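Following: one structure in structure tokens, then a few remarks.
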Amino acid sequence: MTIRVRIAPSPTGSPHVGTAYMGLFNLAFARHHNGLFVLRVEDTDQGRSRPEYESGIFRALQWMGIQWDEGPDIGGPFGPYRQSERTVIYREHIRILIDKGKAYRCFCTADRLAEMRKLQHQNKLPEGYDGRCRNLSEAEIENHLQNNDPFVIRLRVPDEGTCVINDRLRSEIRYEYNQIDDQILMKSDGYPTYHLANVIDDHLMRITHVIRGEEWVPSTPKHVLLYQSFGWEIPEFIHLPLLLNPDGSKLSKRKNPTSIDYYRDAGFLPEALLNYLGLMSYSRPDQEEKFTLDDFVSDFDIDRVSLGGSIFDLKKLRWLNARYLRENYTPDQLWLKFTGWRINPEFLSRMIPMMQNRLHTLGDFIPACSFLLATDVSYDTALLTGHDKDPGEIAEMLQTVIFQLETLTDWIPGNLQTALELVAAFWELPIRDVTSVLFVAISGMTVAPPLYESMALLGRDMTRRRIMDSIDRLGSVGRKKMKKLEERWDMWNSVRHQTNGEGNQP
RNA sequence: GGUCCCAUCGUCUAGUGGCCUAGGACGCUGGCCUCUCACGCCGGUAACACGGGUUCGACCCCCGUUGGGACCGCCA
């Protein structure tokens with residue numbers, strides 16, 4: 001039987017290094033065993049999925065040299081490979097589950113569920129669905145259906161018994177069914193949840209090995225139950241350890257740059273990044289630390305992965321990248337790398353209009369806008385606060401800039417301006433007080449080319465990183481303060497939306 | 001809080017009962033090379049979380065403790 005593996009990214013944001021990490025290990029496993037590697041897009045979250053995120057993920061993975069054998073863009077024998085195009089399949093299958101009594105309709109409202117959770121939390125009871133709609137009579141169901149009451153479909157998890165998961169790297173993992181929630185399989189919008197779609201697709205796409213992050217272990221019993229309910233063969237599960245922040249928590253963009261685009265824009269080479277990922281929780285038999293994808297594949301052995309999570313260490317990545325830079329390229333070849341990056345007519349010509357009026361000589365150009373071509377920017381932290389401002393307050397202000405920037409779909413100067421105006425309004429400050437800080441955070445200088453254009457050109461992930469860096473310089477925003485700030489921010493925004501009506505988002 | 005996973009230098013890791021007075025790499029650091037810097041070379045720093053077993057013998061096996069993490073959404 002051909003080995004078939006897959007990665008299943010969700011197009012809800014910037015391309016994540018974790019996706020590339022899983023991609024690398026899946027790809028290596030497939031290639032090493034002469035198998036096939038599938039890319040499937042899990043876009044069942046109608047609210048958050050966007051086509052531009054999907055193409056961004058494709059581009060980023062390809063940039064890194066992670067190439068799939070079947071996927072939405074190239075097709076394959078088991079398509080479509082985009083879950084939003086498979087809704088009919090899910091509906092057919094959920095029907096089977098309901099007929100078998102393995103799943104049931106639940107008419108509980110989101111409000112009731114929230115209330116229920118709150119109570120459970122207060123009374124320190126285990127949280128989970130209380131099963132109110134588990135045993136509705138035919139008549140009751142009929143009645144709800146007649147009324148067009150919205151409903152979801154839940155998995156009927158047995159009241160007793162043990163689920164044994166065979167994980168290749170961890171031997172047997174056991175879960176008692178009585179502590180597993182009746183998972184929602186189909187949302188009220190008719191779309192499947194991850195759990196349902198994932199199991200159906202993995203089966204239909206003939207996936208033999210599910211290689212995914214450790215974060216999925218707790219939901220695996222639900223998946224096992226689904227396979228059993230359908231009467232399907234269960235694939236082999238291989239849960240890989242997670243990529244971690246320096247503090248040991250799961251890698252997150254709040255604490256570390258996680259976007260592949262950041263690493264590209266910061267000037268890392270794709271092969272170095274890929275190589276570095278291959279060092280995470282893994283070591284080659286010969287202990288060699290620098291290797292090509294082909295090397296990696298040729299002696300790849302999934303049983304060599306170690307189980308502790310790995311902290312993503314920028315310092316070591318930089319060292320590896322430096323080795324590639326000096327060992328793998330002649331000066332001429334390196335020049336090609338520069339032009340493929342940002343030192344090319346296309347990028348530079350976009351810098352010229354914003355500089356023209358500010359030049360006394362041609363030689364003023366590069367020094368004035370070198371921050372657009374720099375990995376990092378260095379400056380005196382005091383420039384962020386001026387003479388009299390409180391570092392904590394400035395940090396919070398910058399944090400709200402990040403909140404607002406997050407909501408932008410199009411990274412263009414006009415939207416950036418609106419975003420900063422909004423932040424200024426929130427703090428009841430003149431826009432100037434916001435932009436003056438941003439100038440420093442972004443360029444490292446108090447005198448710089450136009451801010452919005454600069455941010456647009458720098459790019460979303462580089463901009464984010466620079467702002468995060470400036471917050472860190474100011475001493476960061478503590479957990480409690482962060483939570484409070486978020487609440488205040490959300491509150492202010494919801495009020496704003498009520499007064500302005502919907503659709504005024506920049 | 002409940003369930004589950006994990007545990008070797010600050011970080012990435014080697015190690016599958018004797019080869020370990022624990023090896024390599026990043027970082028940090030002393031020196032050499034040198035017009036500066038970088039590269040390169042030589043050296044240093046620093047770890048088996050703890051307590052019980054099992055065994056002639058435990059970093060390696062078992063149990064417990066501690067610590068860390070993940071998950072507990074009509075997100076994936």
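Residue numbers begin at 1 in each chain, while the letters A, B, ... track the order of the sequences. In this text the structure is predicted, and so the values were computed from the model without any measurement.
For A/Y175, the listed nucleotide lying nearest its side chain is B/rC4; candidates were B/rA70, B/rC74, B/rC4. Of the candidate nucleotides B/rC74, B/rG27, B/rA14, B/rG27 has the atom nearest to the side chain of A/K315. If you check B/rU3, B/rG15, B/rC75 against the side chain of A/T193, the one that comes closest is B/rC75. Candidate nucleotides B/rC75, B/rG40, B/rU13 were compared by shortest atom distance to the side chain of A/D45, and B/rC75 ranks first. Of the candidate nucleotides B/rC71, B/rU11, B/rU13, B/rC71 has the atom lying nearest to any side-chain atom of A/E215. Of the candidates B/rC74, B/rA14, B/rA25, the closest approach to any side-chain atom of A/R304 belongs to B/rA14. Among B/rC12, B/rA70, B/rC39, the nucleotide with an atom closest to any side-chain atom of A/R326 is B/rC39. Of all nucleotides listed (B/rU3, B/rC5, B/rA14), B/rU3 comes nearest to the side chain of A/Q179. Comparing B/rU13, B/rC75, B/rA76 against the side chain of A/H195 picks out B/rA76 as the nearest. When distances are taken from the side chain of A/P218 to each of B/rC71, B/rU11, B/rC74, the shortest belongs to B/rC71.
Not one side-chain nitrogen or oxygen of A/R174 sits closer than 4.0 Å to the OP1 or OP2 atom of B/rC4. In this structure, A/K187 reaches the B/rA76 phosphate: one of its side-chain N or O atoms is under 4.0 Å from OP1 or OP2. Look at A/T44 and you'll find a side-chain N or O under 4.0 angstrom from OP1 or OP2 of B/rA76. Regarding contacts with the backbone of B/rC72, every side-chain N or O of A/R117 stays at 4.0 angstrom or more from both OP1 and OP2. Contact check, A/T12 against B/rC75: no side-chain N or O comes under 4.0 Å of OP1 or OP2.
The distance between atom CG of A/D167 and atom C1' of B/rC5, rounded to the nearest whole Å, is 10 Å. Atom CG in A/L243 sits roughly 18 Å away from atom P in B/rC6 (whole-Å rounding). Nucleotide B/rG23 holds its C1' atom 18 Å from the CZ atom of A/R284, rounded to whole Å. Summarising the geometry, the separation between CH2 on A/W216 and P on B/rG73 is reported as 13 Å, rounded to the nearest angstrom. One atom, NZ of A/K290, and another, P of B/rC26, lie 13 Å apart when rounded to the nearest Å. Straight-line distance from the OH atom of A/Y191 to the P atom of B/rC74: 18 Å, rounded to whole Å. Atom CZ in A/F291 sits about 16 Å away from atom P in B/rC12, given to the nearest Å. Rounded to whole Å, atom P of B/rU3 lies 20 Å from atom CD of A/E172.
Aromatic pair A/W63/A/F58: ring centres not closer than 6.0 Å. Aromatic ring centres of A/W232 and A/H223: separated by at least 6.0 Å. For A/F312 and A/Y276, the distance between ring centers is under 6.0 angstrom. If you look at A/F268 and A/Y262, their ring centroids are not closer than 6.0 Å.
B/rC20 sits 23 Å from B/rU13 when the P atoms are compared, rounded to a whole Å. Comparing B/rC62 with B/rG17, their C1' atoms are spaced 14 Å from each other, to the whole Å. Separation of the C1' atoms belonging to B/rC6 and B/rG44 is 32 Å when rounded to the nearest angstrom. Between B/rG68 and B/rG73, the two C1' atoms lie 25 Å apart (nearest whole Å). Rounded to a whole angstrom, the distance from the C1' atom of B/rA70 to that of B/rC74 is 22 Å. Between B/rA47 and B/rG10, the distance separating the two C1' atoms is 10 Å to the nearest Å. Comparing the P positions of B/rC33 and B/rC42 gives an interatomic distance of 15 Å, to the nearest angstrom. The gap from the P atom of B/rU54 to that of B/rG2 amounts to 32 Å, rounded to the nearest Å.
Note on A/I180: nothing from the nucleic acid sits closer than 4.0 angstrom, heavy atoms only. Within 4.0 Å (heavy atoms only), A/M186 reaches no atom of the nucleic acid at all. Heavy atoms of A/E42 sit under 4.0 angstrom from primed sugar atoms or phosphate atoms, though from no base atom. Residue contacts shown for A/C108 include a base, since a base heavy atom lies under 4.0 Å away. Within 4.0 Å (heavy atoms only), A/S188 reaches at least one base atom of the nucleic acid.
A/S84 and A/D43 are linked by a side-chain donor-acceptor pair at a separation below 3.5 angstrom, with hydrogens and angles left out of the test.
In a base pair of the Watson-Crick type (N1 to N3 plus N6-O4 or O6-N4) or a G-U wobble (N1-O2 and O6-N3), with each distance short of 3.5 Å, B/rA46 is matched with no nucleotide. Here B/rC41 sits opposite B/rG31 as a Watson-Crick or G-U wobble pair (both hydrogen-bonding atom distances under 3.5 Å). Remark: B/rA70 base-pairs with B/rU3; criterion is Watson-Crick or G-U wobble with both hydrogen-bond distances under 3.5 Å. The base-pairing partner of B/rU55, taking Watson-Crick or G-U wobble contacts with both distances under 3.5 Å, does not exist among the strands shown.
Figure legend: A/K290 and A/Y324 shown as a cation-pi pair, the cationic atom lying under 6.0 angstrom from the six-membered ring centre and within 45 degrees of its axis.
Both A/D181 and A/S283 lie near RNA chain B, and the one whose nearest nucleotide falls closer to the 5' end is A/S283. Positionally, the nearest nucleotide of RNA chain B for A/L307 lies more toward the 5' end than for the other of A/W319 and A/L307.
Donor-acceptor pairing under 3.5 Å, judged by distance alone, is present between the side chain of A/Q287 and the base of B/rG23.
With A/Y177 contributing its side chain and A/P221 its backbone, the two residues share no donor-acceptor pair below 3.5 Å.
For the ring-ring contact (aromatic ring centres under 6.0 Å, His included) test with A/H144, the passing option among A/F107, A/F151, A/Y104 is A/F107; the others fail.
The aromatic rings of A/F296 and A/F291 sit parallel to each other, their planes meeting at less than 30°, with 60° as the upper class boundary.
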